[in-house]
K.L.:
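After the structure tokens below, expect a handful of questions from me.
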Number of protein chains: 2
Amino acid sequence: MRIGELSRRTGVPVPTIKYYVREGLLPPGELSSPNQARYDETHERRLRLIRALLDVGGLKVAAIAEVLQAVDDPARPVHKVLGAAADRLGPQHDTDDEELSEALVTVRELIERRGWRVHADNPAAADLAHALAALDRLGHGTFTELLDTYAEAAEQVARADLDYVDRRVAVEDLVENVVIGTVLGEAVLSALRRLAHVDRSARRFGKREGNASADA
Amino acid sequence: MRIGELSRRTGVPVPTIKYYVREGLLPPGELSSPNQARYDETHERRLRLIRALLDVGGLKVAAIAEVLQAVDDPARPVHKVLGAAADRLGPQHDTDDEELSEALVTVRELIERRGWRVHADNPAAADLAHALAALDRLGHGTFTELLDTYAEAAEQVARADLDYVDRRVAVEDLVENVVIGTVLGEAVLSALRRLAHVDRSARRFGKREGNASADA
DNA sequence: GGATAGCGGATAGCGCCACTATCCGTATGG
DNA sequence: CCATACGGATAGTGGCGCTATCCGCTATCC
């Protein structure tokens, strides 16, 4: 197919597709003439993935480029690719420090307590430390009481995720599945958590329903 | 204190503080002269909250303004404020539709199945539907198999959150606590989920550790 | 009381980012 | 054969979170 049909099928404007190609998110079409290119279903699939990572996952274009580069690299060992990909999924805080070393200790303790096979310099650990440090600064140092409950829930979800990937291991590209699961699963879990909050708030404070849409 | 000290204490540059005041995130200082203003600890606290919502929560400035406006409004019924605040915490997708009505059915079923007291037009439900629709478009319609596991985990966390808020109910502003818990708790949970992923991947694929930092 | 630093307030500009518009010369296809 | 779409390149746009500059005033130190 040509770029117009690719655009029609995915809803992504033609100039935007060209932009993604320029940025290395999408491989260029195969040239049949010096200025004619053909695209296929792999492009369509990749394009949908890009949009999902952008719109639902909230990743930046540059981060998506790096993740997809790792996905496409056929030479890397699996767990390395998974790590490299996952590392790009969090927020992009500059590696500052200040007094978050305290939070890092808390994180290390948690990792050890749960027996997680994770090195403490993992970006996710840094993200966690940042969040805990922010909570502490806001007078919520006691939030750490909830950490084990949170960790339990996270383990539950992670187990389900990995089982899911296992079940589909023959279906498509493994790494791509993991990326999708990690990013979109996060969106799903966040939304569910907010729904559950509304439910429990409704039971505690509210009347019949917890709905309270905008009316500024 | 004056603006310079406020800046020094929080690490936020003076022009940025002025900008926040202009945008309505931070109340102006109390004028002691036509062009001298005083700030106090409430400003400092508010400023830290703003930075946390921005840096850790990833909220946009405009969204923070709306949330804080709801927090400060003394006239609203509690559950309304909570709802209005929570509604601003998700992504800002334009209310398009397409074929996500299917996903909305799935969401409605889930809400009913779990007995959640949530109206289905809650923004969080829309977010969830968006994520599910994106998964479906990527060939992951079967992800819905995991929904109940995810929901279970979400309930667990939500229960812990509400208990936590209950325990602190006398400490500070209730609504502010809920906002903090919702936003920063999400960051904590996401990071923990990624850590748990790394752990399980390490057990399944890897060697001793699941670390795989950047080396592009 | 005079110098110097900081202040409040306003306006304009910057840097990044995700596109989007335009142009040109070349195929495609009815 | 010729309108239409295409590939490729370059420049521009709009939004956002600040940041720089300027003005006249005030607090503070000696």
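Hydrogens, waters and symmetry mates are skipped; everything else that's a heavy atom, side chains included, is used. Letters A, B, ... mirror the listed sequences (proteins, then strands); counts begin at 1. Just so it is clear, the structure is predicted and the values come from calculations on it, not from any experiment.
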K.L.:
Under 3.5 Å, is there a donor-acceptor pair between the side chain of B:R193 and the main chain of A:T182?
P.N.:
yes
K.L.:
Both distances under 3.5 Å, Watson-Crick or G-U wobble: report the partner of D:dC30, or none.
P.N.:
C:dG1
K.L.:
Any donor-acceptor pair under 3.5 Å linking the side chain of B:S32 with the backbone of B:A37?
P.N.:
no
K.L.:
Between A:R45 and A:E41, is the closest basic N to carboxylate O distance under 4.0 Å?
P.N.:
no
K.L.:
Take the protein atom CG of B:L59 and the nucleotide atom C1' of D:dC18, then report the distance between them rounded to whole Å.
P.N.:
17 Å
K.L.:
Answer with base, sugar-phosphate or nothing: what part of the nucleic acid does A:K18 contact at a heavy-atom distance below 4.0 Å?
P.N.:
base
K.L.:
So, OP1 or OP2 of C:dT28: does either fall under 4.0 Å of a side-chain N or O from A:S33?
P.N.:
yes
K.L.:
Name the residue closer to the 5' end of DNA chain D, choosing between B:R38 and B:D55 according to the nucleotide with the nearest heavy atom.
P.N.:
B:D55
K.L.:
Would you tell me if any nitrogen or oxygen in the side chain of B:Y20 comes within less than 4.0 Å of OP1 or OP2 on D:dG17?
P.N.:
no
K.L.:
Please report the distance, rounded to the nearest Å, between CG in A:L25 and P in C:dC17.
P.N.:
13 Å
K.L.:
Using a heavy-atom cut-off of under 4.0 Å over every strand shown, decide if B:P28 touches base, sugar-phosphate, or nothing.
P.N.:
nothing
K.L.:
Counting only side-chain heavy atoms from C-beta out, which of C:dT28, D:dG17, C:dG8 sits nearest to B:K60?
P.N.:
D:dG17
K.L.:
Please tell me which of B:R22 and B:R2 maps to the more 5' nucleotide of DNA chain D, matching each residue to the nucleotide holding its nearest heavy atom.
P.N.:
B:R22
K.L.:
Look at the side chain of A:L31 and decide which nucleotide, out of D:dG7, C:dG8, C:dA18, has an atom nearest to it.
P.N.:
D:dG7
K.L.:
Assess, by modelled atom type and distance only, whether the side chains of B:R168 and A:T142 contain a donor and an acceptor separated by less than 3.5 Å.
P.N.:
yes
K.L.:
Look at A:T16 and C:dA18 and indicate whether a side-chain polar atom (N or O) is within less than 4.0 Å of OP1 or OP2.
P.N.:
no
K.L.:
Are side-chain N/O atoms of A:Y39 and A:R46 paired as donor and acceptor at under 3.5 Å?
P.N.:
no
K.L.:
Nearest whole angstrom, please: distance from the C1' of D:dT19 to the CD1 of B:I17.
P.N.:
13 Å
K.L.:
Pick the closest DNA chain C nucleotide for A:N35 and for A:Y19 by heavy atoms, then say which residue is nearer the 5' end.
P.N.:
A:Y19
K.L.:
Using Watson-Crick or G-U wobble geometry with both distances below 3.5 Å, tell me the partner of D:dG7, or none.
P.N.:
C:dC24
K.L.:
Starting at atom CZ of B:R8, determine the distance to atom C1' of C:dC7, rounded to an integer number of angstrom.
P.N.:
12 Å
K.L.:
Rounded to whole angstrom units, what separation is found between the CD atom of A:E23 and the P atom of C:dT20?
P.N.:
14 Å
